[in-house]
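Reading through the structure tokens given below for one structure.
Nothing here was measured: the structure is a model prediction, and the numbers come from that model.
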Amino acid sequence: MKDLDGFYDALPRQDQFSNLAKPSAFVPLPVDWVICCSDIVGSTKLIADGKYKLVNMIGASVIAAMQNALQGAAFPYVFGGDGTSFAVPPDHAATARITLARLRHWVAKEFDIALRVAAIPLAEIRNQGLDVSVARHAVSPHADYAMFGGGGLAWAEAQMKQGKVMIPDCAECEPPDLSGLSCRWNTIPARNGLILSLVMLPSATATPAQFTQLATRVLDLAASLARNGHPVPIAGPGLEMIPQGLGLEARLTHVSSAIWLSRIRLTLSALGAGWLFRRKQRLGQFDPSHYLAVMSANADFRKFDDGLKMTLDCSPEVRDQITALLRTAQAAGQVRFGLHAQEEARLTCIVPSASRDDHVHFVDGAAGGYTRAASNMGKIPD
């Protein structure tokens, strides 16, 4: 995969997630880069209405749109459930703004949902005494995800929600290319008792050393779980003959074709794929068993995003230990955190080609996930 300007490609891929708790693992972005972010207006209400699959798909559509606009070039991004943040060098800032404006228009047209989108030069963030630094976490030999630190992303998102750095409408509203975006897999039941969504941010007075120590202790507790709490089984999630998410996928990705034609095309594709997966039948270069193993390995279930966010297949005992630890740290003024427990996890996928191993899969709780955890920030869990 080609890079945009050489900076991001030169970053070392860290294969030990625990090492990313240290600030020294991160490198500041070049000063002329631009920070972009998105957020769904009213996502809490949408979740309460049972539309979290839609929320996740729109959140991930930002990544698919940008990957296609940049012709597959690597760029740093982070998926947050109901939104996405990313960074691009200055030569691609105009492409990012146009793509986000088109996506906002498309989401409003197809779903009557308002999508906030914003862009802000990194120099403005540094003028606030904050920064955006980045690292790359190699979840497998085939996929890696950006991790962010420095506090700048959180500030940019807050500015966006206040309407201060919004991207204006573009003159023409051609729909963005969202090919590769899909949501066909079944939800994934918890195997250890519950799916725990965790959002943990340093307080304004916490030192980097304090946050590193606390994050390390949380990760040590998660390490007591099977596969560190990874919610996606090695054998992959289930797949229905006609996946429930096909209609949603058709609405998001039909672009130049009528939605009914897109639905027929996706249904035929799903029937063929389902037959292969159920029978573990190879077809040319495509091996369903290999694909599922790579899917599990490539899944994005934990990240550093100006803090620590995780979706864990968790036991009640470990949940209680994490809660007690974070409650004590919050009382000491070191951290703000939110938790949300649910019965299942959900995948949202970007698969440019099923015959390659670089497909990525974003994991969130199936009943509110990161969005509900973030809304619980500052609340003392029962």
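Closest approach of Pro202 and Gly307 over heavy atoms only: CD-CA, 4.2 Å. Closest of all the heavy-atom pairs between Ala65 and Leu178 is CB-CD2, 3.6 Å. Of all heavy-atom pairs between Tyr370 and Val363, the closest is CE1-O, 3.7 Å. Considering every non-hydrogen atom in both Ile125 and Ala156, the closest pair reads CD1-CB, 4.3 Å. The minimum heavy-atom distance between Phe362 and Ala60, with the atom names listed, is CD1-CB, 4.1 Å.
Here the CG-NZ distance, from Asp306 to Lys303, works out to 13.0 Å after rounding to the nearest 0.5 Å. The CG atom of Leu194 sits 10.5 Å away from atom NE2 of His340, with the distance rounded to the nearest 0.5 Å. The CD atom of Glu174 sits 10.5 Å away from the CD1 atom of Ile98 when rounded to the nearest 0.5 Å. For the atom pair CZ (Arg136) and CZ (Phe26), the distance works out to 13.5 Å, reported to the nearest 0.5 Å. Rounded to the nearest 0.5 Å, atoms CG (Asn298) and CD1 (Ile350) are 12.5 Å apart. Put simply, SG on Cys37 and CE on Met160 are 4.0 Å apart, with the number rounded to the nearest 0.5 Å.
The side-chain contact (heavy atoms from CB on, under 4.5 Å) test applied to Pro76 returns Tyr8, Trp33, Ala87, Val134, Ala146, Phe148, not counting sequence neighbours.
Here the side chain of Arg104 pairs a donor or acceptor atom with the backbone of Ile167 at under 3.5 angstrom. When atom types are taken as modelled, the side chain of Ser133 and the backbone of Val27 share no donor-acceptor pair closer than 3.5 angstrom. The backbone N or O of Phe17 sits nowhere less than 3.5 Å from a side-chain atom of Arg302 that would complete a donor-acceptor pair. Judged by distance alone, with hydrogens and angles left aside, the side-chain atoms of Asn68 form a donor-acceptor pair with the main-chain N or O of Ala64 at under 3.5 Å. Although no hydrogens or angles enter the test, the distance criterion places no donor-acceptor pair under 3.5 Å between the side chain of Asp144 and the main chain of Ser140. For the pair Glu110 (side chain) and Val107 (backbone), a donor-acceptor distance under 3.5 Å is absent. Judged purely by atom type and a 3.5 angstrom limit, Thr99 has no side-chain atom pairing as donor or acceptor with the backbone of Ala96. Checking side-chain atoms of His230 against main-chain N and O of Val232 turns up a donor-acceptor pair under 3.5 Å. A donor-acceptor pair under 3.5 Å is formed between the side chain of Gln342 and the backbone N or O of Gly369. A donor-acceptor pair is defined here as one N or O able to donate and one able to accept, closer than 3.5 Å; such a pair exists between the side chain of Thr84 and the backbone of Gly59.
In this structure, a donor-acceptor pair under 3.5 Å is present between the side chains of Asp357 and His290. Between the side chains of Tyr52 and Thr371, at least one donor N or O lies within less than 3.5 Å of an accepting N or O.
A 4.5 Å side-chain heavy-atom check between Asn56 and Leu347 finds every atom pair outside the cut-off. At least one side-chain heavy atom of Ile58 sits less than 4.5 Å from a side-chain heavy atom of Ile113. When side chains are defined from C-beta on, Phe337 does not count as touching Val199, because their heavy atoms never get closer than 4.5 Å. Ile35 places none of its side-chain heavy atoms less than 4.5 Å from the side chain of Phe86. A 4.5 Å side-chain heavy-atom check between Asp305 and Met147 finds every atom pair outside the cut-off.
Using bins of under 30°, 30° to 60° and over 60° for the plane-to-plane angle, the ring pair His359/His361 lands in the perpendicular bin.
Atom CG of Asp49 is surrounded by more than 12 heavy atoms from other residues, nucleotides or ligands within 6.0 Å. Within a 6.0 Å sphere centred on NZ of Lys22, heavy atoms belonging to other residues, nucleotides or ligands number 12 at most.
Using a cutoff of 4.0 Å between basic side-chain nitrogens and carboxylate oxygens, Asp358 and Arg356 are scored as salt-bridged. A salt bridge does not link Asp364 with Arg346: every distance from a Lys NZ or Arg NE/NH1/NH2 to an Asp or Glu carboxylate oxygen is 4.0 Å or more.
Residue pairs meeting the salt bridge (Lys or Arg N to Asp or Glu O under 4.0 Å) criterion with at least one member in residues 187-215, sequence neighbours excluded: Arg191-Asp313. For residues 282-294, the pairs satisfying salt bridge (Lys or Arg N to Asp or Glu O under 4.0 Å) are Arg282-Asp287, with sequence neighbours left out. For residues 145-159, the set of pairs meeting the side-chain hydrogen bond (donor to acceptor under 3.5 Å, both in side chains) definition, not counting sequence neighbours, comprises Ser85-Glu157. Under the salt bridge (Lys or Arg N to Asp or Glu O under 4.0 Å) criterion, no residue pair touches residues 216-235, with sequence neighbours excluded. A side-chain hydrogen bond (donor to acceptor under 3.5 Å, both in side chains) check over residues 115-128, counting only residues at least two apart or in different chains, returns the pairs Asp39-Arg116, Arg126-Asp131.
Ring centroids of Tyr77 and Phe75 are separated by less than 6.0 Å, placing the two rings close together.
In terms of hydrophobic clustering, with Ile, Leu, Val, Met, Phe, Trp and Tyr side chains grouped at heavy-atom distances under 4.5 Å, Ile195 and Met295 are assigned to different clusters.
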### Query
Does the side-chain contact (heavy atoms from CB on, under 4.5 Å) test come out yes or no for Leu54 and Phe111, once each step is laid out?
CA-CA 9 Å; Leu54 173 60; Phe111 300 101; 3.6 Å; yes
